[in-house]
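A short write-up of the structure that comes next.
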Amino acid sequence: MSRKKVPVLVVAGFLGAGKTTLLNHLLRHPRGARIGVVVNDFGKIGIDAMSVAGQVDAAVSLSNGCLCCAVDPEGLDEMLGRLTRRPIDVVVVESSGLADPRVLIKMLLNSTDERISYGGLVEVVDAAEFATTRRDHPELDGHLRFADLVLLNKADRAADLDGVLRLVRELAGGTPVLPTSHGRVDPELLVDARAAPVAQQLSFDELLADDEDDHPHAAYQSVEFSTAEPLHPRRFMRFLDERPAGVYRMKGFVHFGPADPRAFSVHTVGNFVRFAATRRPATPGTHLVLIGAGIDADRLHADLAACRGVPDDTDEHAMLDVLRYLR
Ligand SMILES: Nc1nc2c(ncn2[C@@H]2O[C@H](COP(=O)(O)OP(=O)(O)OP(=O)(O)O)[C@@H](O)[C@H]2O)c(=O)[nH]1
């Protein structure tokens, strides 16, 4: 039986930006997702966090040094293999501060392990020390641009948060930038909960209602979109390309009708897009949840509604852009 591939999300950032803090936060608030982690230094991941997540053994670590330098592709595959032997929904890999995350990403993209697929790059940036980090590591600008999502952490300590946010957004080009404190992002933004089809999950409003006070739900909005009609693959890909920067996360199922009879799951983290061909969901059609901040729900609805349609008979390659993101 073929199993769903496990996305491997890379968390990068320069020294002290808050990568471990983010990992601990995700482990403490897994929202039903079974999270495996690969960390550089096991000591920094709170054992209590692993216990909360009920997965004390779902972590591997290097006793020293940096993943990219200490591990060759086979070594990485072996580590991931150990994690994905048990049911797991996502693996989060912490990339050491000084390494270029692209080395690790390349290893993941070239992995021969059929059970995993690269799941995107989250760059954690220290908002309080941004100028110093940038001065010491000019390569930071490049990291911001090729990340899929930038978390501007330590927002609580930044002397001029608006100014830093403006600058980071400008440097990041099209990469969405989300301010956070103590890595407290909603896990829904990064990982898929262990769940039935999106249509049967709790709505975001329901999630808003229930949590501890350190859970920053209130900052986000969710927009749901469903249609029984097929989406036109080219129009939908254009929508993804042009989606507003405030849409941090999108997940659900898409149906392209006659262009491809399969149902596809779609999953985005920031700019990262992943499609997977799935078994057809119980209700054929498209069901999407978009999560973000400062987004115009009516506009998103209208833009998605405009994606409905089927390619004409002469457009044989209409699915190509979608298939490029198939993992
Ligand atoms: N005030 C404040 N402190 C934070 C925040 N996030 C992390 N910290 C603190 O900053 C320090 C560094 O955080 P880590 O999570 O260890 O950073 P890291 O990126 O994993 O660090 P390295 O692994 O050394 O690169 C710790 O003392 C955290 O408690 C934040 O948003 N605000």
Side-chain angles (χ1 to χ4, degrees), residues 8-30 35-50 52-53 59-71 79 91-105 120-140 142-144 147-165 167-168 177-187 189-191 212-220 248 293:
V8 180
L9 192 73
V10 176
V11 171
F14 287 97
L15 290 175
K19 302 177 291 292
T20 313
T21 306
L22 169 68
L23 253 55
N24 273 323
H25 170 76
L26 292 176
L27 289 167
R28 289 202 177 93
H29 303 96
I35 303 174
V37 293
V38 178
V39 288
N40 290 308
D41 176 359
F42 195 67
K44 285 176 67 190
I45 283 284
I47 270 303
D48 60 319
M50 298 303 291
V52 171
V60 288
S61 79
L62 299 166
S63 46
N64 58 13
C66 129
L67 198 60
C68 316
C69 309
V71 179
M79 275 186 186
V91 174
V92 184
V93 179
E94 181 190 5
S95 161
S96 120
L98 291 172
D100 183 338
R102 281 174 293 191
V103 177
L104 186 56
I105 292 169
L121 171 67
V122 175
E123 179 80 19
V124 184
V125 179
D126 185 333
E129 302 295 334
F130 185 70
T132 319
T133 316
R134 195 166 171 232
R135 189 195 59 214
D136 296 345
H137 305 285
E139 64 274 33
L140 174 61
H143 291 198
L144 296 176
D148 295 297
L149 180 68
V150 173
L151 295 182
L152 187 60
N153 193 41
K154 304 200 188 177
D156 59 312
R157 285 195 47 223
D160 171 20
L161 181 62
D162 288 346
V164 181
L165 183 57
L167 174 61
V168 174
V177 181
L178 179 63
T180 60
S181 291
H182 299 280
R184 291 177 196 144
V185 292
D186 190 305
L189 290 182
L190 305 179
V191 302
E212 342 45 329
D213 49 15
D214 72 342
H215 211 68
H217 273 136
Y220 308 125
Y248 300 124

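Whatever order the structure lists ligands and atoms in, that order sets their numbers, starting from 1.
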Return the [atom1] to [atom2] distance between [X] and [Y], rounded to the nearest 0.5 Å.
{"X": "His182", "Y": "Asp156", "atom1": "NE2", "atom2": "CG", "value": "4.5 Å"}
{"X": "Leu161", "Y": "Lys154", "atom1": "CG", "atom2": "NZ", "value": "14.0 Å"}
{"X": "Asn24", "Y": "His29", "atom1": "CG", "atom2": "NE2", "value": "11.0 Å"}

Residue part near ligand 1, for Arg157, under 4.0 Å between non-hydrogen atoms: side chain

Using the test side chain to side chain donor-acceptor pair (under 3.5 Å), find all partners of Asp148 that sit at least two apart in sequence or belong to another chain.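 In terms of side chain to side chain donor-acceptor pair (under 3.5 Å), with neighbours along the sequence ignored, Asp148 is linked to no residue.
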
With the threshold set at under 4.0 angstrom, would you say Glu94 reaches ligand 1 through any of its heavy atoms?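 So Glu94 counts as touching ligand 1.
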
Atom indices of ligand 1, in the order listed, that fall short of 4.0 Å to a heavy atom of Asp156: 1 (N), 2 (C), 30 (C), 31 (O), 32 (N)

For ligand 1, find out whether one of its N or O atoms is nearer than 3.5 Å to an N or O atom of Thr20. yes

Does the N or O separation between Ser181 and ligand 1 drop below 3.5 Å for any pair?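 No, no N or O pair falls under 3.5 Å.
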
So among Val177, Leu178, Leu151, which one has a side chain to side chain contact (heavy atoms under 4.5 Å, CB included) with Tyr248?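 For Tyr248, the side chain to side chain contact (heavy atoms under 4.5 Å, CB included) check succeeds only for Leu178.
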
Should one rank Ala158, Ala17, Gly16, Gly18 by closest heavy-atom distance to atom 12 (C) of ligand 1, which comes out on top? Gly16

